[in-house]
Amino acid sequence: MNWKAHVKACIFDLDGVIVDTAKYHFQAWRNLAKGFGFSFDETFNEKLKGVSRADSLTLILDVAGIELSQEDFNNALIKKNYEYLGLIQDMDKREILPGVLRYLTILVKNEIPLALGSASKNARSILETLELLDFFDFISDGNSVKKGKPHPETFLACSKYFGLDPSECIVFEDSIKGIKAAKNGGFQSVGIGNKETLSLAEDCYLGFDGKHPQQLSSLFNQTTS
Ligand code: BG6
Ligand code: MG
């Protein structure tokens with residue numbers, strides 16, 4: 001089967017899908033929370049994945065039972081981002097996750113339009129650092145989106161840009177909220193990570209290593225030739 005007949009566009013989340021930045025977000029949030037006397041583990045961190053900076057802080061403060069003035073809240077956001085930017089300041093192309101560059105290259109060679117669908121306000125500058133910006137026709141990110149994942153706005157902006165129905169676009173996501181956003185918008189989705197965690201996705205890959213877009217045919221319930 002010709003996979004291109006089905007795959008009209010692909011939408012990629014950034015953190016934890018294209019680049020290994022999820023661990024730096026975790027580190028920076030954990031350090032900030034420690035300052036409030038609150039510690040959290042990887043399981044709680046799953047709840048923060050795909051969530052905007054401000055909503056992540058709200059979640060942490062709620063669970064920790066802490067109230068901050070608006071000023072302190074804003075300062076905490078600045079502090080977290082400052083630490084995060086410090087952690088990624090030496091990042092380069094080597095932190096692109098295995099197989100991603102090859103996968104994106106195959107898609108572009110086959111003229112499949114690509115979009116980025118990320119909650120991050122740092123998305124564009126990270127793509128620039130990784131020299132990946134040119135792969136993407138459209139960027140929907142934390143600066144342009146009002147309703148974060150699991151609301152589908154992030155991805156709907158992409159399908160709208162391409163003039164496609166969501167069902168014709170495939171979303172690649174590592175977060176539960178991102179997979180829910182894809183589902184809520186009527187997109188097909190491929191989870192990147194653990195199958196049990198991302199069980200709502202139509203398919204799940206541990207990563208892109210050894211993967212070929214041809215395998216997306218399985219999402220359309222047909223056999224791959
Ligand atoms: C998402 C990450 O992609 O972006 C979250 O999964 C992060 O962990 C969010 O909090 C916002 O990122 P930023 O770069 O705007 O702080
Ligand atoms: Mg992510």
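For ligands, and for the atoms within them, numbers begin at 1 and follow the listed sequence.
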**Asked** With ring centroids as reference points, do Y24 and Y84 lie under 6.0 angstrom apart?
**Response** no
**Item:** Aromatic centroids of Y103 and F172 separated by under 6.0 Å
**Value:** yes
Between the Mg ion (ligand 2) and [X], which N, O or S atom of the residue is the nearest one?
X: D15; value: O
X: D174; value: OD1
X: D13; value: OD2

Please report whether ligand 1 has a polar contact with [X], defined as an N or O pair separated by less than 3.5 Å (distance criterion only).
X: K121; value: yes
X: K49; value: no
X: D15; value: yes

**Item:** Residue, atom name and distance, where the atom is the protein heavy atom closest to atom 16 (O) of ligand 1
**Value:**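 Result for atom 16 (O) of ligand 1: R53 NE, 2.7 Å.
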Examine the proximity of ligand 1 to [X] and report which part, side chain or backbone, both or neither, has a heavy atom under 4.0 Å away.
X: V51; value: backbone
X: S120; value: both
X: H25; value: side chain

**Message:** Is it the case that the side chains of D141 and S118 hold a donor-acceptor pair, with the cut-off being a distance below 3.5 Å and no angle test?
**Reply:**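 No.
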**Message:** Is it the case that over 12 heavy atoms from other parts of the model lie below 6.0 angstrom from the OH atom of Y82?
**Reply:**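 Atom OH in Y82 is not crowded, with 12 or fewer foreign heavy atoms closer than 6.0 Å.
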**Where ligand 1 meets W29 - atom numbers and elements under 4.0 angstrom, heavy-atom basis** = 10 (O)
**Request:** May I ask you to list the atoms of ligand 1 that are less than 4.0 angstrom from any heavy atom of A119?
**Result:**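 Answer for ligand 1: 1 (C), 4 (O), 11 (C).
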**Message:** I'd like to know if K149 and E173 make a salt bridge, using a cut-off of under 4.0 Å between side-chain N and carboxylate O.
**Reply:** yes
**Request:** In plain terms, say whether K49 and D15 are close enough for a salt bridge, that is, a side-chain N and a carboxylate O under 4.0 Å apart.
**Result:**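 The answer is no: the pair does not qualify as a salt bridge.
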**Prompt:** Side-chain contact, heavy-atom cut-off 4.5 Å: P166 with F155?
**Reply:** no
